[in-house]
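The block underneath contains the structure these notes are about, expressed in structure tokens.
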Amino acid sequence: MMTNDLEYVLLAEDKIQQRISELAGEIVRDYRGTNLILVAILKGGVIFLSDLTRQISIPHSYDIVGAASYGDGTTSSGHVIITKDVEISLKDRDVLLIEDIYDTGTTLKVVKDLLLVHGPRSLEICALLWKEKNNRKYDVPIKYIGFSIPDVFVVGYGLDYNEKYRNLPCIGVLKKEFYS
Ligand code: IMP
Ligand code: MG
């Protein structure tokens with residue numbers, strides 16, 4: 001079992017799913033009658049996107065952008081590379097950017113600036129996790145936050161360590177021996 005590699009579970013599967021249905025309820029209430037499109041960031045955001053989109057009961061589209069920032073380690077490199085643009089036109093759309101975690105803010109800042117070039121009618125952000133940090137590199141306003149968590153390195157539910165553990169249904173902290 002991959003969960004055996006965890007020191008502890010921070011957010012259990014049912015807790016994550018419960019919160020996603022609450023977020024979906026808020027999004028439905030706020031976006032009814034708009035031209036909503038969810039845009040998720042590869043790769044961490046796609047697990048969250050796939051659960052969230054199925055809970056949002058109003059018509060909407062989704063698309064994916066590619067951004068890579070962390071490299072191999074557990075601290076942000078500070079460099080974000082865009083690896084894939086959206087494929088659907090965002091002109092006059094109400095864009096909700098879907099991200100796994102708001103850490104230093106670099107990824108969200110870079111992706112937000114990219115999406116604004118496409119001329120959306122509105123652009124807001126929904127992040128599953130929000131790391132409690134005192135000094136963040138970029139302050140990006142987040143409209144919907146799933147959970148506020150301590151400033152620790154977590155894995156699971158899309159979040160990886162060296163491209164592993166994305167498939168865990170829960171979110172937790174790895175045992176020290178698994179960080180090489
Ligand atoms: P930022 O650009 O520093 O905000 O980092 C954002 C990206 O780094 C996220 O999309 C994640 O892919 C990755 N990241 C940040 N914190 C963690 C973590 O605790 N575990 C795994 N990946 C993380
Ligand atoms: Mg990563």
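Atoms within a ligand are numbered from 1 in the order they appear, just like the ligands themselves. None of these values were measured; they are calculated from a predicted model. These numbers come from the heavy atoms of this one structure, side chains and all, not from hydrogens, waters or symmetry mates.
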Original post:
Below 4.0 Å from any atom of ligand 1, is there a heavy atom belonging to Gly105?
Top reply: yes

Subject >> Candidates Leu49, Asp85, Ile41 - the one meeting side chain to side chain contact (heavy atoms under 4.5 Å, CB included) with Ile64 >> reply: Leu49

Subject >> Flag for Gln17-Glu13: side-chain donor and acceptor within less than 3.5 Å >> reply: no

Subject >> Cationic N near anionic O, under 4.0 Å, Lys133 to Asp103 >> reply: yes

Original post:
Who gets closest to atom 2 (O) of ligand 1 by heavy atom: Val152, Thr107, Asp103?
Top reply: Thr107

**OP:** May I ask you to check if ligand 1 and Val154 share an N or O to N or O distance below 3.5 Å?
**Re:** yes

**OP:** Please check if any side-chain donor atom of Tyr157 sits under 3.5 Å from a side-chain acceptor atom of Asp51, or the reverse.
**Re:** yes

Subject >> Atoms in ligand 1 with a heavy atom of Glu99 nearer than 4.0 Å >> reply: 9 (C), 10 (O)

Original post:
For Leu108, is the nearest heavy atom under 4.0 Å from an atom of ligand 1?
Top reply: no

Original post:
Which ligand 1 atoms does Asp100 reach within 4.0 Å, using its non-hydrogen atoms?
Top reply: 9 (C), 10 (O), 11 (C), 12 (O)

Subject >> Region of Val155 engaging ligand 1 - heavy atom pairs below 4.0 Å >> reply: neither

**OP:** Look at ligand 1 and say whether Lys109 reaches it with a heavy atom at a distance under 4.0 Å.
**Re:** no

Original post:
Do the side chains of Leu129 and Val39 join up, straight or via other hydrophobic residues, at under 4.5 Å, putting them in one cluster?
Top reply: no

Subject >> Salt-bridge criterion met for Arg121 and Asp94 (N-O under 4.0 Å) >> reply: yes

Subject >> Which atom of Asp160 approaches the Mg ion (ligand 2) most closely (N/O/S) >> reply: OD1

Original post:
Which ligand 1 atoms does Leu159 reach within 4.0 Å, using its non-hydrogen atoms?
Top reply: 21 (C), 22 (N), 23 (C)

Original post:
By number and element, which atoms of ligand 1 are closer than 4.0 Å to a non-hydrogen atom of Asp160?
Top reply: 21 (C)

Subject >> Flag, side chain of Tyr102 to backbone of Val140, donor-acceptor distance under 3.5 Å >> reply: yes

Subject >> Atom indices of ligand 1, in the order listed, that fall short of 4.0 Å to a heavy atom of Thr104 >> reply: 1 (P), 2 (O), 3 (O), 4 (O)

Original post:
Counting N and O atoms only, with roles assigned by atom type, does the side chain of Asp151 sit under 3.5 Å from a partner on the main chain of Lys131, one being a donor and the other an acceptor?
Top reply: no

Subject >> Per-atom contacts, ligand 1 versus Thr106 - under 4.0 Å to a heavy atom >> reply: 2 (O), 4 (O)

Original post:
Just wondering, are more than 12 heavy atoms of other shown residues or ligands nearer than 6.0 Å to OH in Tyr62?
Top reply: no

Subject >> Within reach of ligand 1, part of Ile41 (heavy-atom separation under 4.0 Å) >> reply: neither

**OP:** May I ask you to list the atoms of ligand 1 that are less than 4.0 angstrom from any heavy atom of Lys131?
**Re:** 16 (N), 17 (C), 18 (C), 19 (O)

Subject >> Parallel, tilted or perpendicular: ring planes of Phe153 versus Tyr179, cut at 30 and 60 degrees >> reply: perpendicular

